[in-house]
Amino acid sequence: MSGPDTKPHVRAGWLNASAYTGMFGFGVVMALLGSVLPLLSARLHFDLAQAGNLFFAMNAAMLATTLALGPCLDRFGHKWPLAGAPLFVSGALALIANANQLEGVVAAVVLLGIGGGALNQTTNTLVADLSEGAHGKSVALNLLGVFFGFGALFVPFTMGSLVRALGLANILYMAAGVSLVPTVLSIRLSFPHPQQRGGVPLASILLLLRQPLVLIFSFLLFFESGSEFILGGYITTYLTRNLGATVSSASYLLAGYWGALMVARIVLSRTFLRQGGGKLIVGSALGVALSMVLLLTARSVSLAGAAILLLGFSIATIFPTVLGLAGASYAGHAGTVFGILIGIALSGGMTMPWLTGKLSEEYGIRRGLLIVIANALAVFALQLGAGRVMKSPPHFGDRF
């Protein structure tokens, strides 16, 4: 008998490749608005409050997609969401490239949110299902996050180096083409059977929603995701408006943020995760708070750049490590649990940048960005609570 199933390691390798390219596309989604915001706002004449509305619209679409998709992944599998999501991302990038009114950008970011939400949910669930144990899942999800870093690095790096030569529209067309790679791979691959072919009963979803660990991790990711979206969305605006950086230099520093995030996921997943994911999350949260203090007190672009690199390194492993711990605890319902966690996380990603935009317009962006410090302290406290729950018998995943 021949075919991909006779070589499971080869098949798993190609499946991981499809997930990696999908996560690259999600990285493009996450970094896009922050990279193009200075140019778009100048071209279409909108303020920081209206920019916050764009983040709200994109993340609302991500949230709705994530909540709907989780149980579907457990019941129907990963293939078609991973094949279809890049089409939304690619179409959205093309719309932004041609937008001449703010309304056109709003429509585009809704499509971007749908595609990005599906990519994030599907790739994380697929990689978790292909891995074993809490440590194995956390390492695999951190490695997946490296490709998120590549995608997030792609847009600001090309903006910084090629925007004058190619223009914004051509860079977005390039990103749209690259984003379609997981569609091509996924159509040709055979995926694992769904975890819950009979469907996930509503009673099970409600029971999962009442689990203390699920609730703690969900709200931890609410604050963490809020900070990720704020940083990815407002770093370039802060640098250009408050420190006098050029668009190109601010784009390079944003690329440095995503690059530091990528490096951290490679390094920390191979070292500190062996000492325990909880300790890594606690240390990372403190690192985010201290790095943010440094950024907001910096009076030069070079010192701000150092703080931005530290921010990327500090925040990098929180999200995938939490998913790894949760995925190991609820292995048979990873899609549903990830849907809950990522859905509540996206609520933070939806509301926090919107709130930051409102506060920044009223009081200045330096004060608006103080939210990131408060979020980091909340992550620190919630992880301490999660550690106590995980040590308490009976095991929280036993009922599933």
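A quick note: this is a predicted structure, and the numbers were derived from the prediction, not measured.
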Peer 1: For V110 versus A61, what's the shortest heavy-atom pair and its separation?
Peer 2: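 Minimum heavy-atom separation between V110 and A61: O-CB, 3.3 Å.
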Peer 1: How long is the gap from CD1 on I96 to CG on L111, to the nearest 0.5 Å?
Peer 2: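 Here the rounded value is 9.0 Å.
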Peer 1: Can you confirm whether Y20 is buried at OH, in the sense that more than 12 heavy atoms of other residues, nucleotides or ligands lie under 6.0 Å from that atom?
Peer 2: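 Correct, the count exceeds 12.
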Peer 1: Compute the centroid of each ring, for Y252 and then for Y257, and state whether the two points are separated by less than 6.0 Å.
Peer 2: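 Not under 6.0 Å, so no.
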Peer 1: Around atom CZ of F88, are there more than 12 heavy atoms of other residues, nucleotides or ligands at under 6.0 Å?
Peer 2: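 Incorrect, the count does not exceed 12.
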Peer 1: A side-chain contact here means heavy atoms from C-beta on lying under 4.5 Å apart; do L126 and S18 qualify?
Peer 2: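 In short, these two side chains touch, coming nearer than 4.5 Å.
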Peer 1: Tell me the closest heavy-atom pair linking F222 and S347, and the distance in Å.
Peer 2: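 Scanning both residues completely, I find the closest heavy atoms to be CE1-C, 3.6 Å.
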Peer 1: Just verifying a value: how many Å separate L370 CG and L359 CG, rounded to the nearest 0.5 Å?
Peer 2: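 Here the interatomic distance stands at 9.5 Å.
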Peer 1: Between S248 and T246, do the side chains contain an N or O donor and an N or O acceptor separated by less than 3.5 Å?
Peer 2: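 S248 vs T246: no donor-acceptor pair found between side chains.
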Peer 1: Are any non-hydrogen side-chain atoms of L239 and S249 less than 4.5 angstrom apart?
Peer 2: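 Side chain of L239 against side chain of S249, heavy atoms only: no contact under 4.5 Å found.
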Peer 1: In Å, rounded to the nearest 0.5 Å, how long is the span from CG of L82 to CG of L185?
Peer 2: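 These two atoms lie 8.5 Å from each other.
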Peer 1: Using side-chain heavy atoms (C-beta onward) and a distance below 4.5 Å, is E228 in contact with F319?
Peer 2: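 Side-chain contact under 4.5 Å: yes.
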Peer 1: Under the 3.5 angstrom rule, does the side chain of T297 hit a backbone N or O of L294 as a donor-acceptor pair?
Peer 2: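 Answer holds: yes.
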Peer 1: Classify the side-chain pair N142/T317 by whether it contains a donor and acceptor separated by less than 3.5 Å.
Peer 2: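 Note: N142 and T317 side chains miss the donor-acceptor criterion.
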Peer 1: Can you tell me how far apart CG (L346) and OG (S225) are? Round to the nearest 0.5 Å.
Peer 2: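 Nearest 0.5 Å value for the CG-OG distance: 5.5 Å.
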Peer 1: With no hydrogens and no angle check, is any side-chain donor or acceptor of T158 less than 3.5 Å from a backbone partner on I171?
Peer 2: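 The answer is no, because no donor-acceptor pair under 3.5 Å joins these two groups.
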Peer 1: Should Y238 and L231 be marked as a side-chain contact (heavy atoms from CB on, under 4.5 Å) after you check the CA-CA gap, both sets of side-chain angles, and the distance that decides it?
Peer 2: CA-CA 10 Å; Y238 176 73; L231 292 172; over 6 Å; no
Peer 1: Pairs in or reaching into residues 84-93: which pass side chain to side chain donor-acceptor pair (under 3.5 Å), with residues at least two apart or in two chains?
Peer 2: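 Residue pairs passing side chain to side chain donor-acceptor pair (under 3.5 Å), neighbours aside: none found.
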Peer 1: Give me the atom names and distance for the closest heavy-atom approach of M174 to F154.
Peer 2: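 Residues M174 and F154, closest heavy atoms: SD-CZ, 3.8 Å.
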Peer 1: Any heavy-atom pair between the side chains of N375 and E224 that's under 4.5 Å?
Peer 2: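 No, their side chains stay 4.5 Å or more apart.
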Peer 1: Do other residues, nucleotides or ligands put more than 12 heavy atoms under 6.0 Å from R188 CZ?
Peer 2: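 Counting neighbours around CZ of R188, 12 or fewer heavy atoms of other residues, nucleotides or ligands fall under 6.0 Å, so no.
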Peer 1: Given side-chain contact (heavy atoms from CB on, under 4.5 Å), test L112 with M62 step by step and report yes or no.
Peer 2: CA-CA 8 Å; L112 203 64; M62 274 195 194; over 6 Å; no
Peer 1: To the nearest 0.5 angstrom, please state how far the CD1 atom of I342 sits from the CG atom of N120.
Peer 2: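 One gets 4.5 Å once the value is rounded to the nearest 0.5 Å.
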Peer 1: Would you call S227 and M352 a side-chain contact if the rule is heavy atoms closer than 4.5 Å?
Peer 2: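 Result no, sub-4.5 Å side-chain heavy-atom pair not found.
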Peer 1: Which residue pairs satisfy the side chain to side chain donor-acceptor pair (under 3.5 Å) criterion with at least one member in residues 38-66, sequence neighbours excluded?
Peer 2: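 Non-adjacent pairs meeting side chain to side chain donor-acceptor pair (under 3.5 Å): N53-W354.
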Peer 1: Give a yes or no answer on whether the side chain of R265 reaches the backbone of L143 with a donor-acceptor pair at less than 3.5 Å.
Peer 2: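 Side chain of R265 to backbone of L143, a donor-acceptor pair under 3.5 Å: no, none is there.
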Peer 1: Check the pair V301 / L253 against side-chain contact (heavy atoms from CB on, under 4.5 Å), numbers first and verdict last.
Peer 2: CA-CA 9 Å; V301 174; L253 287 175; 3.7 Å; yes
Peer 1: Would you find a donor on one side and an acceptor on the other, under 3.5 Å apart, between the side chain of K79 and the backbone of S186?
Peer 2: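 Between the backbone of S186 and the side chain of K79 there is a qualifying donor-acceptor contact (under 3.5 Å).
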Peer 1: Measuring only between side-chain heavy atoms, which start at C-beta, is V288 closer than 4.5 Å to L310?
Peer 2: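 A side-chain contact is absent here, since even the closest heavy-atom pair is not under 4.5 Å.
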Peer 1: Establish, yes or no, whether a centroid distance under 6.0 Å links the rings of F150 and F24.
Peer 2: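 Centroid distance F150-F24: not below 6.0 Å, so no.
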Peer 1: Taking ring pair (Phe, Tyr, Trp, His ring centres under 6.0 Å) as the definition, give me every residue that meets it alongside Y173, ordered by chain and number, with sequence neighbours left out.
Peer 2: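 Residues passing ring pair (Phe, Tyr, Trp, His ring centres under 6.0 Å) with Y173: none at all.
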Peer 1: When rounded to the nearest 0.5 angstrom, what distance separates OG1 in T122 from CH2 in W80?
Peer 2: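 Answer for the OG1-CH2 pair, T122 versus W80, is 13.5 Å.
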Peer 1: With a 4.5 Å cut-off on side-chain heavy atoms, are F313 and M262 touching?
Peer 2: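 Not in contact.
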Peer 1: Using the side-chain contact (heavy atoms from CB on, under 4.5 Å) rule, take L220 and Q383 through it: C-alpha gap first, then chi angles, then the decisive distance, then the call.
Peer 2: CA-CA 7 Å; L220 188 159; Q383 178 53 44; 3.7 Å; yes
Peer 1: Between L119 and M23, is there a side-chain heavy-atom distance shorter than 4.5 Å?
Peer 2: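 In short, these two side chains do not touch, never coming nearer than 4.5 Å.
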Peer 1: Which pair of heavy atoms, one from G368 and one from T356, lies closest together, and at what distance?
Peer 2: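 Taking every non-hydrogen atom into account, O-CG2, 3.9 Å.
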